2 protein chains.
Amino acid sequence: MPKPIDLNQAVRQIRKFSQENKRPPSFDELRKLFRYKSKNAAFWLVDKLIDSGFLKKDKQGKILFDSFNGVRLLGTVQAGWPSPAEEELADVMSLDEYLIKHPDQTFLIKVSGDSMIDAGIHAGDLVLVERGRQPKHQDIVIAEVDNEWTMKYYEKNGKEVRLVAANKKYPPIKPREELKIGGVIVAVIRKYK
Amino acid sequence: MPKPIDLNQAVRQIRKFSQENKRPPSFDELRKLFRYKSKNAAFWLVDKLIDSGFLKKDKQGKILFDSFNGVRLLGTVQAGWPSPAEEELADVMSLDEYLIKHPDQTFLIKVSGDSMIDAGIHAGDLVLVERGRQPKHQDIVIAEVDNEWTMKYYEKNGKEVRLVAANKKYPPIKPREELKIGGVIVAVIRKYK
DNA sequence: CAGTATATTGAACGAACGTTCAAATGTCAA
DNA sequence: TTGACATTTGAACGTTCGTTCAATATACTG
């Protein structure tokens, strides 16, 4: 038999194509990518990748790449750096899909101020905010207090609701009238450099 | 003239299709999506969206959606909640593309331990690590110290290199021999719930 | 060496693709 | 009412699409 093909590398090439073109390749584009002379060789390759669970096809037979935008998810810091073999097997995860469940109701907002500093949320961080969701006890919310918007812990004991900053400088707030909640923080993102 | 179409809503529908199908729609799929009877109506719509800068086409004429995975990027927390008009105009940003410049060299690792707690990096957070990059002064790196991998600040004064934890509990380390750097932290991600 | 499973070629098919053109529709202003 | 313009229809074109089939090449096994 001819030399067996490296499925992992094939997937990587297809992922690269998809990232660059923002869409999965067609079979003829795959033929060029792998330097086949026949389109059917690509067809055959894709079938093999599907059998191995790397790819899918949609109803029209087009290649469906579940998460061509993403990073490999490895173990923990302590585990240190994995071997190349482990790297290959790592799951690829799209941060967008992982963090954003409801794209229409989710926004990215830059943090200013230090009211949540003890929760590890610094000025300059980005927070993913989902609006229109009912906050639960100890969720971090964006709320309007005295005509100003801030981030606070949402604390509910029985019927009493308090807004608590993660910073001793700021006292807890018991909203007297209606409580305006802009949204619930679902994630924090800090980018360096 | 017939009633003008809502470009913003059109873009939103196309984005939704792209998210669900992991690829941009074809013109015939657009026809169905907008309930046109002629494929050319969709063609015309796309032309208009391109003129307005919402879309592009690639060399093959296929619809190219720059970031159909993404969130709308709004202002700051203090600015509070924007009006619907502002929401429409907000830039859509893909977290994957924003955070990951070199997909092949970037990994997601779960943080254990508290060595970087004062830098707002908690146990359970995810860090994006880029390998094979030369760390600069004050970068956060993953390094091997005494056969253990940890996160530390990389500090370089002249020729002397130190690894400093963001936690007073741990003393700075001056590596005696070679210094094994696993990678440089480019982002921190914390997901709630 | 022959046998066999894997891998690749080449040609062909109907369907879906992006694109074009001419014609028809609706709606507002004059 | 009419003219001007924006939108939609419908049909047609060459091209690329996913898929199929038969034939061939490759490299390991017995």
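Since we're looking at a predicted model, the values are computed, not measured. Note that these values count all heavy atoms, side chains included, but never hydrogens, waters or copies made by symmetry. Order of the sequence lines sets the chain letters (A, B, ...), proteins ahead of strands, with each chain counted from 1.
- Across all strands, A:Ile5 comes closer than 4.0 Å only to sugar-phosphate atoms, never to a base (heavy-atom distances).
- Taking side-chain N and O atoms only, A:Gln60 has no distance below 4.0 Å to OP1 or OP2 of D:dT19.
- A salt bridge is defined here as a Lys NZ or Arg NE, NH1 or NH2 lying under 4.0 Å from an Asp or Glu carboxylate O, and A:Asp28 with A:Arg31 meets this definition.
- For the pair A:Lys193 and B:Glu130, the salt-bridge criterion is not met [side-chain N within less than 4.0 Å of a carboxylate O].
- Contact annotation: B:Lys48 side-chain N/O to D:dA6 OP1/OP2 distance is not under 4.0 Å.
- For D:dC17, one of the phosphate oxygens OP1 or OP2 lies less than 4.0 angstrom from a side-chain nitrogen or oxygen of A:Ser26.
- Nucleic acid contact class of A:Tyr36 (heavy atoms, under 4.0 Å, all strands): sugar-phosphate only.
- Where B:Lys37 and A:Lys62 meet DNA chain D, the nucleotide closest to each residue was compared, and B:Lys37 sits on the side nearer the 5' end.
- Among the heavy atoms of the strands, none lies under 4.0 Å from B:Lys59.
- Salt bridge present: A:Asp125 and A:Arg190 bring a charged side-chain N and a carboxylate O closer than 4.0 Å.
- Among the heavy atoms of the strands lying under 4.0 Å from A:Lys39 is at least one base atom, whether or not backbone atoms are also near.
- Evaluation of atom-type donor-acceptor distances gives a pair under 3.5 Å for the side chain of B:Asn40 against the base of D:dG10.
- Aromatic ring orientation, B:Phe43 versus B:Phe27: tilted (interplanar angle from 30° to 60°).
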